Protein chains: 2
Amino acid sequence: MDTNPSDGFATLNERVYATLQADILAGRLAPGTRLVRRELAKRLEVSPIPVTEALLRLESDGLVESAPMYGARVAAVSAATMLDHLVLREAIECQAARECAANASETTLRALAEEAARIDAVMRAGADPDDRAHDQAHGALHLAIAAGGGHPGLQRELQRLWFRRQMHQAWVTATDRGLPPGWHAGLVAAIATRDPARAEAHMRFHVRWNTARHQERVEGAG
Amino acid sequence: MDTNPSDGFATLNERVYATLQADILAGRLAPGTRLVRRELAKRLEVSPIPVTEALLRLESDGLVESAPMYGARVAAVSAATMLDHLVLREAIECQAARECAANASETTLRALAEEAARIDAVMRAGADPDDRAHDQAHGALHLAIAAGGGHPGLQRELQRLWFRRQMHQAWVTATDRGLPPGWHAGLVAAIATRDPARAEAHMRFHVRWNTARHQERVEGAG
DNA sequence: CTCCCACTTTTGATATATCAATTATATCAT
DNA sequence: ATGATATAATTGATATATCAAAAGTGGGAG
């Protein structure tokens with residue numbers, strides 16, 4: 001079918017990509033679900049070609065796994081894949097904190113501090129586990145830190161990783177509770193010292209909190 | 001045309017991907033070159049579909065840039081893109097060094113040390129700037145460090161980044177000379193201390209050597 | 001001579017059709 | 001009944017065809 005110019009997608013490829021991504025991130029397509037091109041094409045009322053291309057992009061985002069002459073399925077979620085993701089996120093976010101400390105403008109730092117305080121306030125008030133707006137704001141803050149360093153590549157990588165984080169969150173009980181007060185404000189303050197090592201250390205501690213929660217869950221389930 | 005089963009590629013998509021990648025990495029396709037699907041399809045004797053898919057994958061590797069309804073071209077190489085790449089590499093490799101220090105087996109560490117010594121010896125002897133085998137071994141060592149931590153995601157990301165590194169090297173005069181003796185042996189020794197902070201610091205210094213060379217070039221060109 | 005527009009050409013996006021590999025199912029011998 | 005095998009149905013890979021956007025081109029108005 002033709003591309004509806006009013007929906008904001010330039011191509012069908014993009015529309016299919018966005019649709020499938022939303023379905024996976026929201027958990028409407030469970031990990032392991034087979035993604036059959038013709039089926040998806042029929043359901044979305046397009047030909048198999050944009051579907052194929054969208055699946056390829058989702059694969060490079062880590063949301064879909066596939067093998068030649070076998071097909072694609074929604075990527076598995078396991079303790080191992082989550083740990084893998086967290087380690088990668090630690091890499092990117094620690095570097096982002098460094099670069100942000102070194103390069104961000106004073107204006108940017110002020111804006112980050114403000115937003116961090118706002119997010120901490122919502123968290124302390126006890127955000128709903130599935131408060132989309134809050135989670136979205138939280139992600140935006142981390143992205144903004146990555147953007148603050150002025151290196152688009154870091155920002156792009158973190159964006160991709162954040163997709164996988166959202167997917168994981170659909171399949172584990174998120175535990176945002178029990179965070180120290182000023183969790184994000186402290187992080188931004190460390191960045192604002194302009195000391196890369198300090199910014200990195202603080203970010204590492206920040207990301208590792210998630211890793212620790214993850215490992216508790218794994219052991220608890222053992 | 002049909003897939004030749006003897007060439008090691010399961011699909012035409014893969015073959016086209018490998019061919020174009022090799023052409024870009026070797027500099028046979030210069031940055032900025034327009035990549036017209038039908039042309040490539042005719043030249044490679046396939047239909048436009050595998051070409052489209054291969055271009056999508058190359059785009060996610062950062063070797064190709066494209067926009068909807070505009071087409072693809074070989075990614076630009078500039079001081080900014082190179083710096084972006086180096087920052088990303090610093091992120092991944094520093095984390096890789098940490099994880100390797102924390103998780104690699106003694107056997108792995110011994111093998112890394114051996115290979116590092118070998119590479120340093122070749123470097124000290126003055127490797128040809130375009131000695132493919134040596135460059136390949138050098139890349140393999142870094143990949144092996146990333147693999148040593150036991151997190152496939154880090155390894156995959158570094159592999160992708162290394163492609164961009166190879167591309168950049170086709171367009172700048174590589175300066176492998178002037179490295180301190182034991183450049184890689186020292187790095188692996190730091191990892192073998194099992195102290196993540198120390199491993200990371202050493203790796204950061206290692207990667208930043210490239211960043212510094214890069215910035216010298218930029219200033220020199222100004 | 002320059003600028004703008006109608007027209008042609010090129011090329012990206014994608015539907016349809018076809019082939020081949022894989023998987024499911026039915027059949028048969030043991 | 002069990003397992004192997006032939007056959008049918010499914011589905012991935014990809015060639016061909018079509019449509020539409022964009023880029024290039026020539027001619028006429030100013």
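Since the structure is predicted, the reported quantities are computational estimates derived from the model, not experimental observations. The sequence lines fix the lettering, A, B, ..., with proteins before strands; numbering per chain opens at 1.
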Rounded to the Å, how far apart are L56(B) CG and dA13(D) P? 14 Å
Whole angstroms only, please: what is the OH-P distance between Y17(A) and dA13(C)? 16 Å
Partner residues of H214(A) under the ring-ring contact (aromatic ring centres under 6.0 Å, His included) criterion, sequence neighbours left out: none
Here the distance between atom P of dT10(D) and atom CE of M69(A), to the nearest Å, is 16 Å
For P50(A) and for G71(B), locate the closest nucleotide of DNA chain C by heavy-atom distance; then report the residue assigned to the nucleotide nearer the 5' terminus. G71(B)
Round to the nearest Å and state the distance from L12(A) atom CG to dA20(D) atom C1'. 13 Å
Value in whole Å for how far the C1' atom of dG12(C) lies from CD of E53(A): 10 Å
Using the closest heavy atom to pick a nucleotide of DNA chain D for each, name whichever of Y70(B) or I49(A) lands nearer the 5' end. I49(A)
Go through the structure and list residues passing side chain to side chain donor-acceptor pair (under 3.5 Å) with E216(B), not counting sequence neighbours. R213(B)
In residues 28-43 of chain B, which ones come under 4.0 Å of DNA chain C, going by heavy atoms? L35(B), V36(B), R37(B), R38(B)
Distance-only donor-acceptor hits, side chain of residues 148-162 of chain B, under 3.5 Å, sequence neighbours excluded:
{"residue": "H151(B)", "atom": "NE2", "partner": "E99(B)", "partner atom": "OE1", "Å": "3.1"}
{"residue": "R160(B)", "atom": "NH1", "partner": "S60(B)", "partner atom": "OG", "Å": "3.4"}
{"residue": "R160(B)", "atom": "NH2", "partner": "S60(B)", "partner atom": "O", "Å": "2.6"}

Within the structure shown, what part of the strands sits under 4.0 Å from P48(A) by heavy-atom distance: base, sugar-phosphate, or nothing? base
With H138(A) as reference, evaluate H142(A), H134(A), Q136(A) under the side chain to side chain donor-acceptor pair (under 3.5 Å) test and give the passing residue. H142(A)
For residues 58-91 of chain B, pull every pair meeting ring-ring contact (aromatic ring centres under 6.0 Å, His included), keeping only residues two or more places apart or in separate chains. H85(B)-H168(B)
R43(B) meets the side chain to side chain donor-acceptor pair (under 3.5 Å) criterion, sequence neighbours left out, with none
